[in-house]
Amino acid sequence: MSYITLKKSAFFNNLDIISKKTGDIDKIALVLKDNAYGHGLLEVASMAKEYGISRAVVRREEEALLIQEYFKYILILSPLHPLSKNTNFVYVINDLNDISKFPANTRVELKIDTGMHRNGLLIQEIEEALLLIKRYELNLEAMFTHFRSADTMSAEWFWQKKNFEKIKVRYPSYRFHSCNSAAIFRDNNFNEDMVRIGIAAYGCLSLDKGLQKTGLEPVLSLFAQKISTRRLKLGHRVGYNATYEAKEEMDVSCFDIGYADGFPRLLSNNYTSPEGFELLGRVSMDNSSYKSDQEELLIFDDARELASKTETIGYEILTSLSPFIRRIIT
Ligand SMILES: *Cc1c(COP(=O)(O)O)cnc(C)c1O
């Protein structure tokens, strides 16, 4: 069956680089949402723990419950109610209306909308939020924000950062964090309490040309195994709707990777594997054909290459990988 390898040395290399940026490994909160960006939640949690990471960020409480033994702090970005009672879990308040839903003494952090206008409290709502938090007896630990354009060369990042700086000055008694991967790689004066690092730890950060080179290495590779081989004659066609026609006699093999595994169907007739094998015809649900008779094929080892061919981002390629594919730490 197809399988995924996770290169521990690459993951640790990336964490080394990120630790140098933060100056303190304890400031790294590793983002493990959505099956650890498709890498495998438990596999990444165990490697992170081995490295010494003590903080995690997830989307759902279900994810937090699965990794509760690994981390002393788990921030849950989109809490559902009611909540479990783990004292290591910290819940994000994304909206004023959320506050009354938390039981007394819940650990919470306030997400502030400094300009992305997606979710989080507006700056002018903070005072009201603080009153409500007091009334409902919640434990507010931090205020944080998220940048909308940290990965592009523009003034965008700077004005949003300024908005957040004002909040830090006004409410100095809390912890603060704002940086995702792109932001930490362009901020040379990092001085906050935490970073929320996802894509950089997985080695697939993309930054505008001109923003610095990072030394990060992709962690994940996807492999497929051969199901069968056949010899095509001139004019034979391969796969659904016969979209590939052999121009000569050749061997073609079917491998066990398809769009249900997360390999984009958009790449049909338009992909060459890193080792130079051409994808022939349509990508099917569970398989696809290549001009190769190898037993095993490296399908990709850098999600960004697939992303650029399908007009998306590495994040989407990675998080689309089926959780049923075996993950092997190498
Ligand atoms: C997903 C997410 C991150 C991580 O972003 P990367 O670009 O992968 O580092 C950080 N903060 C929030 C709020 C997120 O939702």
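Keep in mind it's a predicted model, so treat the numbers as computed, not measured. In each ligand, atom 1 is the first atom listed, and ligand 1 is the first ligand listed. When a residue number appears, it is its place in the shown sequence, counting from 1.
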Practice task
Could you check Y271 against F263 for ring-ring contact (aromatic ring centres under 6.0 Å, His included), going step by step and ending with a plain yes or no?
Solution key: CA-CA 11 Å; Y271 185 64; F263 186 75; 5.5 Å; yes

Problem - Candidate pair F11 and H39, rule ring-ring contact (aromatic ring centres under 6.0 Å, His included), full reasoning - result: CA-CA 11 Å; F11 186 56; H39 290 62; 8.1 Å; no

Handout entry: Steps toward salt bridge (Lys or Arg N to Asp or Glu O under 4.0 Å) verdict (R186, D208)
Key = CA-CA 11 Å; R186 59 188 299 188; D208 267 5; over 6 Å; no

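Nearest to atom 12 (C) of ligand 1 among the protein's heavy atoms is H146 CE1, 3.4 Å. Ranking the protein heavy atoms by distance from atom 14 (C) of ligand 1 puts K33 NZ, 3.0 Å first. Looking at atom 9 (O) of ligand 1, its nearest protein heavy atom turns out to be S181 OG, 2.5 Å.
In terms of heavy-atom proximity, V283 sits nearest to L267 at CG2-C, 4.5 Å.
The backbone and the side chain of I199 each have at least one atom closer than 4.0 Å to an atom of ligand 1 (non-hydrogen atoms only). Here R196 has heavy atoms under 4.0 Å from ligand 1 in both its backbone and its side chain. With a 4.0 Å heavy-atom cut-off, ligand 1 is reached by the side chain of L77 but not by its N, CA, C or O.
Ligand 1 has an N or O atom lying under 3.5 Å from an N or O atom of G198, backbone or side chain.
Under the 6.0 Å cut-off for aromatic ring centres, F89 and Y73 do not qualify, their centroids lying 6.0 Å or more apart. Between Y290 and F277, the ring centre distance reaches or exceeds 6.0 Å.
In this structure, Y315 counts as a contact residue of ligand 1, since one of its heavy atoms falls inside 4.0 Å of the ligand.
For the pair L110 and F144, the minimum side-chain heavy-atom distance is 4.5 Å or more.
Which parts of ligand 1 touch Y37 is read off a 4.0 Å heavy-atom cut-off, strictly below it: atoms 1 (C), 4 (C), 5 (O), 6 (P), 8 (O).
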